[in-house]
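We name chains A, B, ... by the order of the sequence lines, and we start the count at 1 in each one.
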Number of protein chains: 2
Amino acid sequence: MSSLAKIARICGVSVGATSKALTGKPGVSEVTRQRILNVAAQQNYRPNRLVHAIQSGRSMTVGLTCNDFQDDFVGSILKGMLEVLYEASYDPIVISWDLCVHEGETVLRTFAERRVDGLLMFPPADQPTHAYLQELKSFQRPIVVVDQVFAGVEDYDFTGSQDYEGGQIATEHLIKLGHKNIANLYHLETSTGRARLDGFRSTMQKHGLIVHEQWMYNIEHYGTKEAYNHAKRLLSEKNGPTAIVAFNDWVALDVLAAARDLNLSVPNDVSVVGFANLRVASSVRPRLTTIAQNPLLIGRRAAKRLLELLDGEKADSPPHHPVTDRIPVKLIIGESTRPIA
Amino acid sequence: MSSLAKIARICGVSVGATSKALTGKPGVSEVTRQRILNVAAQQNYRPNRLVHAIQSGRSMTVGLTCNDFQDDFVGSILKGMLEVLYEASYDPIVISWDLCVHEGETVLRTFAERRVDGLLMFPPADQPTHAYLQELKSFQRPIVVVDQVFAGVEDYDFTGSQDYEGGQIATEHLIKLGHKNIANLYHLETSTGRARLDGFRSTMQKHGLIVHEQWMYNIEHYGTKEAYNHAKRLLSEKNGPTAIVAFNDWVALDVLAAARDLNLSVPNDVSVVGFANLRVASSVRPRLTTIAQNPLLIGRRAAKRLLELLDGEKADSPPHHPVTDRIPVKLIIGESTRPIA
DNA sequence: CTGAAAGCGCTTACAG
DNA sequence: CTGAAAGCGCTTACAG
């Protein structure tokens with residue numbers, strides 16, 4: 001890789017002059033500038049941005065932590081982030097939490113050493129360790145937490161969805177259709193899951209409906225058979241629920257599968273509501289009734305917020321108050337719910 | 001962010017001594033080393049890796065270009081890559097092709113300026129421009145192409161799937177079940193799509209079966225209604241095909257949906273084979289018969305190959321011959337295919 | 001217009 | 001053991 005010095009040597013001018021010529025700064029004659037430009041092009045010169053990062057104290061990179069990229073929800077969030085970052089000439093360095101279970105502090109340390117300007121953080125899957133929270137505290141750069149919250153990150157900006165309201169909307173929808181006996185396959189392991197469940201319970205209560213605790217199942221890992229098995233159990237009961245609220249579309253798919261395997265019909269025998277409006281929600285039959293999130297917007301807003309914080313630093317503005325930004329969700333009526341017979 | 005100089009000043013020693021102490025090099029007394037270590041910890045010192053990158057000529061970063069992260073196929077490839085990179089202390093800088101349509105050279109230029117040590121490249125969605133290929137040629141670092149090939153990248157290492165064989169296996173499976181009238185919803189826009197189609201045609205020919213060209217549809221964009229509409233057309237024909245080979249699982253899902261909407265049964269009225277074995281393939285009913293790829297392994301192997309190339313550079317080994325690495329695929333028999341009546 | 005020099009944050013021979 | 005100095009690749013005041 002050819003350096004400034006090399007270009008300078010070839011052109012027979014000083015390094016300083018070469019720098020000015022290539023960065024378009026005044027202080028070089030047009031003739032020498034052209035000569036330098038030509039040689040640089042011919043030598044395939046690429047300025048070393050690492051140097052610029054050191055000099056300016058800005059690496060123009062952002063740390064990005066992710067749990068997995070297993071569906072279009074996280075995929076779209078990423079897309080939204082990349083879009084905004086690209087526009088602002090920032091590039092993300094991506095590290096997966098999965099890789100460093102119980103040593104999340106390593107991730108933060110790496111980001112610190114690489115001098116990222118800020119952090120876009122999908123919280124780690126597991127409960128954060130003390131060491132991690134410690135490292136987080138001493139992490140000197142702006143942080144925006146995405147999608148999930150957890151104990152210890154209340155002091156940071158947050159961008160996610162109106163999960164609580166989503167839980168309410170899903171439940172309201174079923175109640176409006178006449179359902180009273182509603183089960184819930186929820187997910188206590190994440191803040192989104194807990195919020196959606198809270199929304200469910202508050203809505204049931206608001207309408208004076210009983211929550212049948214024997215129909216309430218926590219799905220610890222929704223990639224496995226767990227949801228499917230619970231769904232089968234629910235659907236096999238006589239006088240079982242007439243509707244099921246699922247933590248997300250994957251769980252809802254498991255309910256569809258369980259119903260199918262029991263020769264039951266969704267929505268004729270049971271109604272199902274999902275959450276997320278994943279790509280698959282409208283691909284399957286029956287199409288899922290689901291609560292649409294707006295992952296693209298979540299990604300964009302999270303990144304924009306981070307850029308604001310970074311600009312604020314430059315402007316040396318007063319310490320900010322962390323902002324919680326929850327993007328509205330929307331009921332998508334598919335074919336997996338119907339009025340009770 | 002505290003610097004070496006700051007630590008040195010506080011400790012009242014030279015920068016050199018501080019450096020030695022913190023990097024564990026000999027040449028400092030144990031007493032001062034401890035003093036320095038303590039101050040560094042207390043000052044929350046983090047060495048600036050950008051400096052190290054400049055000095056060593058190794059940034060320990062890898063450029064990663066992606067089209068989208070819309071399903072678990074790409075997601076798992078990424079996971080595999082991140083795993084291997086993390087193990088070797090490399091971190092990826094991720095840029096999405098989507099963002100810079102028709103100016104892919106910008107991406108490469110950014111990577112060059114950021115001095116990534118190598119490149120893991122999902123080829124751009126659109127036909128590469130001349131400027132792009134130009135920039136690629138002058139990109140001085142090792143490159144591994146992933147999943148898709150395109151004209152102009154024949155000279156690079158490649159890691160992907162046995163798509164051609166996959167096309168054969170899918171077709172063989174249907175033929176073994178007695179199907180003769182087989183349609184194909186293919187995807188000419190990508191090399192994988194073309195290879196799978198070739199595998200289909202060669203297998204049909206091998207068995208002396210006629211390819212009915214009026215049942216052959218190119219799916220330009222498989223996120224849209226396109227596949228669904230073509231599938232409906234195919235399924236509405238009297239004496240239509242008894243089986244359909246789909247470019248991938250998403251297209252296969254569209255066939256399932258079309259069948260459902262026409263009150264037809266898969267597999268009783270028509271058999272369908274997908275490709276990829278996405279997470280959704282076993283979530284839907286009927287479960288998809290599909291050709292499983294091994295995205296995790298693709299990701300790992302691609303990253304490993306890149307690391308080998310990087311090691312080779314250090315060792316100053318002779319110019320290598322580009323290696324093409326196609327991971328075997330595997331037939332997964334679901335419920336979407338059955339012997340012909 | 002042009003060049004020599006300082007400095008960004010570090011490491012590494014080289015003197016003392 | 002310890003410090004001063006050169007150097008990585010650049011930019012930016014500062015002299016000429």
Side-chain angles (χ1 to χ4, degrees), chain A residues 1-37 39-40 43-61 109-117 140-141 314, chain B residues 1-37 39-40 43-61 109-117 140-141 314:
Chain A
M1 184 109 320
S2 47
S3 63
L4 248 205
K6 189 177 171 190
I7 308 294
R9 206 179 323 122
I10 295 178
C11 294
V13 294
S14 72
V15 189
T18 312
S19 172
K20 280 173 210 154
L22 291 173
T23 51
K25 300 249 164 60
V28 233
S29 71
E30 200 47 41
V31 192
T32 46
R33 182 190 297 276
Q34 278 310 328
R35 188 152 45 96
I36 293 170
L37 249 39
V39 172
Q43 289 287 319
N44 199 34
Y45 172 74
R46 296 284 174 272
N48 190 334
R49 282 228 232 164
L50 301 174
V51 175
H52 186 258
I54 292 175
Q55 293 178 151
S56 68
R58 296 248 149 201
S59 65
M60 296 307 283
T61 58
R109 198 169 292 238
T110 299
F111 282 142
E113 293 181 359
R114 290 199 182 278
R115 297 293 191 266
V116 299
D117 294 325
Q140 316 272 12
R141 325 264 52 244
K314 284 189 223 157
Chain B
M1 184 110 318
S2 48
S3 63
L4 249 204
K6 189 176 172 191
I7 308 294
R9 207 179 323 122
I10 296 177
C11 294
V13 294
S14 71
V15 189
T18 313
S19 171
K20 280 172 212 155
L22 290 173
T23 51
K25 300 250 164 61
V28 232
S29 72
E30 200 46 40
V31 193
T32 47
R33 181 190 298 276
Q34 278 309 328
R35 187 153 43 96
I36 293 170
L37 248 40
V39 172
Q43 290 287 318
N44 199 33
Y45 172 74
R46 294 286 173 271
N48 189 334
R49 281 229 233 164
L50 301 174
V51 175
H52 187 256
I54 291 175
Q55 291 179 152
S56 67
R58 296 248 149 199
S59 66
M60 296 307 283
T61 58
R109 197 169 294 235
T110 299
F111 282 141
E113 293 181 1
R114 290 200 182 278
R115 296 293 190 270
V116 298
D117 294 325
Q140 317 272 12
R141 325 262 57 242
K314 285 189 220 155

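- C:dG3 atom C1' lies 12 Å from atom CD1 of A:I36, rounded to whole Å.
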Go through it in stages, so that I can follow the logic: the residues are A:R115 and B:R46, the test is side chain to side chain contact (heavy atoms under 4.5 Å, CB included), and I'd like the CA-CA distance, side-chain angles, deciding distance and then a yes or no. CA-CA 9 Å; A:R115 297 293 191 266; B:R46 294 286 173 271; 3.8 Å; yes

Intra- and inter-strand pairing of DNA chain D, written as dot-bracket with Watson-Crick and G-U pairs under 3.5 Å and | for the latter, reads |||.||||||||.|||

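- Between the side chain of A:K6 and the base of D:dG9 there is no donor-acceptor pair of N/O atoms closer than 3.5 Å.
- To the nearest angstrom, C1' of D:dT11 lies 9 Å from CG of A:L4.
- The gap from the P atom of C:dA4 to that of D:dG7 amounts to 15 Å, rounded to the nearest Å.
- Note: CG (A:L22) to C1' (D:dT12) measures 15 Å, nearest angstrom.
- Between B:I7 atom CD1 and B:S2 atom OG the span is 4.5 Å, to the nearest 0.5 Å.
- Heavy atoms of A:S56 sit nowhere under 4.0 angstrom from any nucleic acid atom.
- Here C:dG9 presents its C1' atom at 14 Å from CG of A:N48, a figure rounded to the nearest Å.
- For A:R115, counting side-chain heavy atoms from C-beta on, the closest listed nucleotide (C:dT12, C:dC10, C:dT2) is C:dC10.
- In this structure, of D:dT2, D:dT12, C:dG3, it is C:dG3 that holds the atom nearest to the side chain of A:A17.
- The OG atom of B:S56 sits 10.5 Å away from atom CZ of B:R49, with the distance rounded to the nearest 0.5 Å.
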For residues 8-19 of chain B, dump all side-chain donor-acceptor pairs below 3.5 Å to protein atoms at least two apart in sequence or in another chain.
{"residue": "B:S14", "atom": "OG", "partner": "B:A17", "partner atom": "N", "Å": "3.1"}
{"residue": "B:T18", "atom": "OG1", "partner": "B:S14", "partner atom": "O", "Å": "2.7"}

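- B:I54 contributes atom CD1, which lies 3.5 Å from atom CD1 of A:I54 (distance to the nearest 0.5 angstrom).
- Rounded to an integer number of Å, the gap from A:L50 CG to D:dC10 P is 10 Å.
- OP1 or OP2 of D:dT11 has not a single side-chain nitrogen or oxygen of A:T23 nearer than 4.0 Å.
- Of the candidates A:L37, A:V39, A:L22, A:I36, A:Y45 forms a side-chain contact (heavy atoms from CB on, under 4.5 Å) with just one, namely A:L22.
- Nucleotide C:dT2 holds its P atom 20 Å from the CZ atom of A:R9, rounded to whole Å.
- Pairing each heavy atom of A:V28 with each of A:K20, the nearest pair is CG2-CB, 3.8 Å.
- The side chain of A:S19 contributes an N or O atom lying less than 4.0 Å from OP1 or OP2 of D:dT11.
- Between B:L50 and A:A53, the shortest heavy-atom contact is CD1-CB, 3.7 Å.
- For A:T61 against B:R114, the heavy-atom pair with the smallest separation is CG2-NH1, 3.4 Å.
- Taking atom NZ on A:K25 and atom P on C:dT2, their separation rounds to 17 Å, with Å as the unit.
- A donor-acceptor contact shorter than 3.5 Å links the side chain of A:R33 to the backbone of A:K25.
- Regarding contacts with the backbone of C:dG3, a side-chain N or O of A:S14 is found under 4.0 angstrom from either OP1 or OP2.
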Polar atoms only, N or O, under 3.5 Å: list the protein pairs with nucleotides 5-8 of chain D and their distances.
{"residue": "D:dG7", "atom": "N2", "partner": "B:Q55", "partner atom": "OE1", "Å": "2.9"}

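- Within 4.0 Å of A:K20, counting heavy atoms only, lies at least one base atom of the nucleic acid.
- Counting to the nearest Å, the P atom of D:dT11 and the NE2 atom of A:H52 are 8 Å from each other.
- For A:V13, whose side chain is taken as the heavy atoms from C-beta onward, the closest listed nucleotide among D:dT12, C:dG3, D:dG9 is C:dG3.
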